[in-house]
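Here's the structure, in structure tokens; my notes come after.
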Amino acid sequence: MDKNHSNLINRHNMVGGQAVIEGVMMKKGDRVALAVRKEDGSVETKTSEFKSPRKKLRILNKPIIRGIVAFFESLALSFRTLSQSTEMLDLEEDKKKTDKKKGSFSTFLIMTISVILGLLLAVLLFTVVPMYVTDFLVNTIKLDPNARGHFIIIALCEGVIKIAIFIAYLLAVSLMKDIRRTFEYHGAEHKAIACFESGHELTVANARKCTRFHPRCGTSFLFVMLILSILASAFIPLEAGLGRTVVKLLLLPIIMGIGYEYIMYAGKNENTITRILSAPGLWMQRITTREPSDDQLQVAICAIKTAVPELYPRFDTSDCTISLEKNRDHIGNVGKKIMREKPIYQVPKTKLDLYFKSAECNEVKVPAETSSGKTVTFSVKKYR
């Protein structure tokens with residue numbers, strides 16, 4: 001363990017992370033560290049800076065406002081990190097530099113369009129669809145929105161539909177192999193952070209014992225936003241339509257800000273109330289996180305040690321290289337024929353070692369003369 005590692009400090013909220021394609025990103029302050037497992041089994045790390053505008057303008061660091069700014073910051077950082085991880089993977093080794101530049105621009109364009117479409121899809125799925133489905137059910141059952149108690153029932157019904165869509169969406173994407181593998185890296189990220197925050201030595205064995213559920217996870221944040229939007233809907237005295245949709249969209253930034261404040265508070269304070277309120281979000285993490293393998297935990301640990309070099313000055317990624325066979329599930333190795341590892345045997349030191357049975361030895365016939373002068377043949381194992 002490094003010398004500075006033994007100095008126990010308050011590590012809660014010091015490091016935040018994100019799972020990327022075949023890797024993990026960790027952020028401490030302005031320092032962003034990205035660790036990616038290459039298809040040859042090695043781990044490549046990259047550091048960069050991401051300065052928040054909240055440090056320049058004090059008004060942006062006020063409660064509620066900082067949550068809105070942090071949300072868009074996380075979107076921008078996620079976008080940049082995913083783009084960098086794709087470039088670091090470099091799945092086509094024979095590409096020229098010019099091709100890489102073109103590929104980077106096309107990747108940037110595709111990811112920009114994906115983010116925009118993703119936001120539009122989120123608004124459609126979690127705002128428009130639940131509202132109109134609820135309106136259809138209200139007209140079918142013939143509930144009066146203006147009646148006492150009916151409006152709250154309608155709001156709760158709309159909230160249940162939102163949560164059902166959210167869970168169904170997570171379950172659907174988790175069936176995709178690439179997404180499921182990213183969820184494993186998500187679990188590795190949480191375990192590594194939990195190990196780091198506990199003050200234990202940051203090793204695969206220690207991280208394996210830690211939980212993969214974290215109260216500051218983005219999944220918990222989204223679920224908190226859903227709950228807050230349900231409560232806010234109960235106070236919007238408008239029927240389903242354009243007006244109600246506009247009011248809900250205008251309330252989204254405030255909901256983001258409140259949700260951020262709660263997530264940050266829950267990350268620093270663990271008590272009965274925060275445990276109860278955080279439980280639904282932690283349940284959702286059973287879908288968005290999976291138990292990682294040891295090599296995936298290695299990548300998450302590499303990301304943390306790169307993000308906090310003052311605690312791990314002697315860290316070297318060369319110790320984290322794995323064989324091709326262990327890395328056969330890598331996105332760059334899927335579909336490739338990878339020979340299984342052959343067992344390695346030591347060179348025999350004595351004659352008795354020649355009789356050691358091994359699949360990697362050839363059986364040969366060796367003539368030998370006995371004390372009586374007779375010649376006999378022995379079957380022995382000859383090392384290649």
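Just so you know, residue 1 is the first one in the sequence shown, and it goes up from there.
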_Stepwise salt bridge (Lys or Arg N to Asp or Glu O under 4.0 Å) check, Asp295 with Lys326_ = CA-CA 8 Å; Asp295 57 280; Lys326 290 183 179 179; over 6 Å; no
*asked:* Set out, in order, the CA-CA distance, both residues' side-chain angles and the distance that settles side chain to side chain contact (heavy atoms under 4.5 Å, CB included) for Val32 and Thr47, then state yes or no.
replied: CA-CA 6 Å; Val32 178; Thr47 58; over 6 Å; no
_Walk me through whether Leu282 and His214 qualify under side chain to side chain contact (heavy atoms under 4.5 Å, CB included)._
CA-CA 7 Å; Leu282 296 177; His214 202 284; 5.8 Å; no
*Quick one: do Met14 and Glu197 satisfy side chain to side chain contact (heavy atoms under 4.5 Å, CB included)? Show the steps, please.*
CA-CA 8 Å; Met14 178 187 289; Glu197 291 180 341; over 6 Å; no
*Check step by step if salt bridge (Lys or Arg N to Asp or Glu O under 4.0 Å) holds for Glu291 and Lys191.*
CA-CA 9 Å; Glu291 281 297 327; Lys191 281 177 172 286; 3.5 Å; yes
*Which is it for Gln285 and Ser220 under the side-chain hydrogen bond (donor to acceptor under 3.5 Å, both in side chains) test, yes or no, and what are the steps along the way?*
CA-CA 8 Å; Gln285 292 181 38; Ser220 296; 2.8 Å; yes
*Full working for side chain to side chain contact (heavy atoms under 4.5 Å, CB included) between His330 and Leu324*: CA-CA 9 Å; His330 189 281; Leu324 279 176; over 6 Å; no
_Full working for salt bridge (Lys or Arg N to Asp or Glu O under 4.0 Å) between Glu310 and Lys28_ = CA-CA 12 Å; Glu310 61 272 18; Lys28 175 189 177 286; 3.3 Å; yes
*Going through the checks in order, is the salt bridge (Lys or Arg N to Asp or Glu O under 4.0 Å) test met by Glu189 and Arg212?*
CA-CA 8 Å; Glu189 172 222 331; Arg212 74 175 199 265; over 6 Å; no
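Remark: of the listed residues Val24, Leu311, Leu202, Leu202 is the sole one forming a side-chain contact (heavy atoms from CB on, under 4.5 Å) with Ile304.
The environment of CD1 in Ile59 is sparse: at most 12 heavy-atom neighbours from other residues, nucleotides or ligands sit within 6.0 Å. Phe50 CZ: more than 12 foreign heavy atoms inside a 6.0 Å radius. Dense packing is recorded around CG of Leu175, with more than 12 heavy atoms of other residues, nucleotides or ligands lying under 6.0 Å away.
If you check the side chains of Thr306 and Tyr312, you find no donor sitting under 3.5 Å from an acceptor.
The pair Arg37-Glu22 does not meet the salt-bridge criterion, since no charged nitrogen lies less than 4.0 angstrom from a carboxylate oxygen.
When side chains are defined from C-beta on, Thr289 does not count as touching Phe183, because their heavy atoms never get closer than 4.5 Å. At least one side-chain heavy atom of Ile167 sits under 4.5 Å from a side-chain heavy atom of Ile287. Counting only heavy atoms from C-beta outward, the side chains of Thr317 and Ser42 never approach each other to under 4.5 Å. Side-chain contact check for Val20 versus Thr86: every heavy-atom pair is 4.5 Å or farther apart.
Proximity of a side-chain donor or acceptor of Ser83 to a complementary backbone N or O of Arg80 within less than 3.5 Å is not detected.
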Which pairs of donor and acceptor atoms, one on a side chain in residues 61-71, lie under 3.5 Å apart (sequence neighbours left out)?
unit_1, atom_1, unit_2, atom_2, d
Arg66, NE, Glu261, OE1, 3.4
Arg66, NE, Glu261, OE2, 2.7
Arg66, NH2, Glu261, OE1, 2.8

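Note: the hydrophobic cluster containing Met25 also contains Ile331 (ILVMFWY, side chain heavy atoms under 4.5 Å, direct or indirect links).
Separation of atoms OG (Ser78) and CD (Glu73) is listed at 11.0 Å; rounding is to 0.5 Å. With values rounded to the nearest 0.5 angstrom, Tyr260 atom OH is found 9.5 Å from Ser74 atom OG. Note that CZ of Phe166 is 5.0 Å distant from CG of Leu222, once rounded to the nearest 0.5 Å. To the nearest 0.5 Å, atom CZ of residue Phe213 and atom CE of residue Met284 are 11.0 Å apart.
Classified by interplanar angle (parallel below 30°, tilted 30° to 60°, perpendicular above 60°), the ring pair His190/His186 is perpendicular.
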